[in-house]
Protein chains: 2
Amino acid sequence: MVGYSTVTQTTSPQERPARRKRMSREARERQMLAVAEEVFADHGYRAASMEEIAERCGVSKPMLYEYFGSKDGLLLACLTRARAELHDVTAAAMAEGTDPMDTLTRGLIAYYSFTDSHRRSFELLKNEAAGLPYAAAEAVEEARRQQHNLIAPILAQWAPGIGDIEIEAYTEIIIGACERVSLWCTVRDVTPEDAARYTIDFCWGGLQALYERGNVTA
Amino acid sequence: MVGYSTVTQTTSPQERPARRKRMSREARERQMLAVAEEVFADHGYRAASMEEIAERCGVSKPMLYEYFGSKDGLLLACLTRARAELHDVTAAAMAEGTDPMDTLTRGLIAYYSFTDSHRRSFELLKNEAAGLPYAAAEAVEEARRQQHNLIAPILAQWAPGIGDIEIEAYTEIIIGACERVSLWCTVRDVTPEDAARYTIDFCWGGLQALYERGNVTA
DNA sequence: TCGGTAACTTACCCGAGGTAACTTACTGGC
DNA sequence: GCCAGTAAGTTACCTCGGGTAAGTTACCGA
């Protein structure tokens, strides 16, 4: 009844520690992070239980608390690690750029590649599916679809010769831009009218216009 | 001990129903939605408790469950209402547009005005502060700051004559666009390279280029 | 070989979401 | 005016998962 049994502990099939074994703090911590990321991605933050993460590590719950303090702390550690990785990858890619456009392009490809290969984790975050009930995330996505349906026809009418996939891409770009700008302008105390102007200016002329303006004025 | 006392029930000070009173289902439902939106905005979804929402309504917890089924259901109802409102406002504004650019501009102003005036609710959603621990939202925001610091200097170097606030605005636009595109391209199965191309094309030439291309090709 | 420490455990607490069963006030028909 | 029927409301409870206290065992260096 006391002490712990030496039961054979199966974590995920591909991982080796079939028999519960003591590990150094750092090793255990790395393992926990990896497992946590997986479980969070699988069920979403809310639905993920500390119990399950602990179990998959072949360890009991209090160990998680020993190392990460709380469920929030564990998520935070996952995020911090992922963020560092994303930053390293994109910054490295951009460092090879020869001119501004090239640098930007390299950065974008690195970014999209990273988010693509870590797709499960990023769906969890970018999407607010993380901490919100599934239905809520769905409702927000529906709001975006509505916006999509307001914007896409305009672009299509505007430039009839363009392919559907590009219309879609550009529509998504505008929607994403709007969301970020709406947040930014409350922080920076920018009026809705100015925000709309910046957005329109950018969407209309793009960086090319910015370049010309910038280098004429300068 | 049985039945409920006729204790004077104070909800929020500015609201009138000082004395607990029976209400029709629709009236109670509307009140609950309003209170819930406020409480969710105040504490975030996670930290908000059904108990508090019920209390502020001057009613007991099971009533909330009677009307909305669950905490998730309550949030969902709030979202659905807000989404409908946002859609109505922007669609109405756009209906008055005379040409594509004008329509887009009107839509943007309506959108930014709406999110600005409902700022508290939208911080809760747009930000993932909703269901995630505060520290986690902070960590994601930090990731965006890193991206900002990668992109802004390029734009500044690229167009030296442009004001700082515009650089900031454009940087945020690009960041928002990237997030949305990264999600979109996993759904539509677009390669990172194509995604980068769409993004760059849009950012470089903007809609103007799209227009010219579209109407020459057509 | 032996003690100290760091990796681990069991067994518990508590708070918040959620529910069953019961009570009370309003409503329309006689 | 009275009296059912029902819709609005209640209390008292359950459960599950995050979080903790106190104790146990394996490893390592002297």
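Naming convention: chains lettered A, B, ... in sequence-line order (proteins, then strands); numbering from 1 in each chain.
Residue-level contact check: B:S49 touches the backbone only, with heavy atoms under 4.0 Å from sugar-phosphate atoms and none from bases. Base engagement by B:M63 is indicated by at least one non-hydrogen atom pair under 4.0 Å involving a base atom. Residue A:A48 is classed as a sugar-phosphate contact, given heavy-atom separations below 4.0 Å to backbone atoms only.
For the pair B:E179/B:R144, a side-chain contact is recorded, criterion being any heavy-atom separation below 4.5 Å from C-beta on.
Per the geometry, CG belonging to B:L64 stands 15 Å off P belonging to C:dA16, to the nearest Å. With rounding to whole Å, B:E29 atom CD is found 14 Å from D:dA7 atom C1'. Rounding to whole angstrom units, CD of residue B:E52 and P of C:dG17 are separated by 10 Å. Rounded to whole Å, atom C1' of C:dA11 lies 12 Å from atom CD of A:E51. Distance NZ (A:K71) to C1' (D:dC16): 12 Å, rounded to an integer number of Å. The nearest whole Å value for the distance from the CZ atom in A:F68 to the P atom in D:dG18 is 15 Å. One interatomic measurement links the two molecules: CZ of B:R22 to P of C:dT24, which rounds to 10 Å at whole-angstrom precision. In this structure, CD of B:E55 is placed 11 Å from P of C:dA16, rounded to the nearest angstrom.
Ring orientation note: the planes of A:H118 and A:F114 are close to parallel, at an angle under 30° on the 30°/60° scale. Aromatic ring pairs are classed by plane angle as parallel below 30°, tilted from 30° to 60° and perpendicular above 60°; the pair B:Y170 and A:Y198 is perpendicular.
Side-chain atoms of A:R46 do not come within 3.5 Å of backbone N or O of B:R46 as any donor-acceptor pair. A donor-acceptor pair under 3.5 Å is formed between the side chain of B:Y45 and the backbone N or O of B:D72.
The side chain of B:R28 places no N or O atom within less than 4.0 Å of a non-bridging phosphate oxygen (OP1 or OP2) of D:dA7. The phosphate of C:dT19 (OP1 or OP2) has no side-chain N or O of B:Y65 nearer than 4.0 angstrom.
Residue A:K61 places a side-chain atom within donor-acceptor reach of the base of D:dG19, judged by atom type and a 3.5 Å distance cut-off alone.
Across the interface with DNA chain C, nearest-nucleotide mapping of A:Y67 and A:P62 shows A:Y67 to be the residue nearer the 5′ end.
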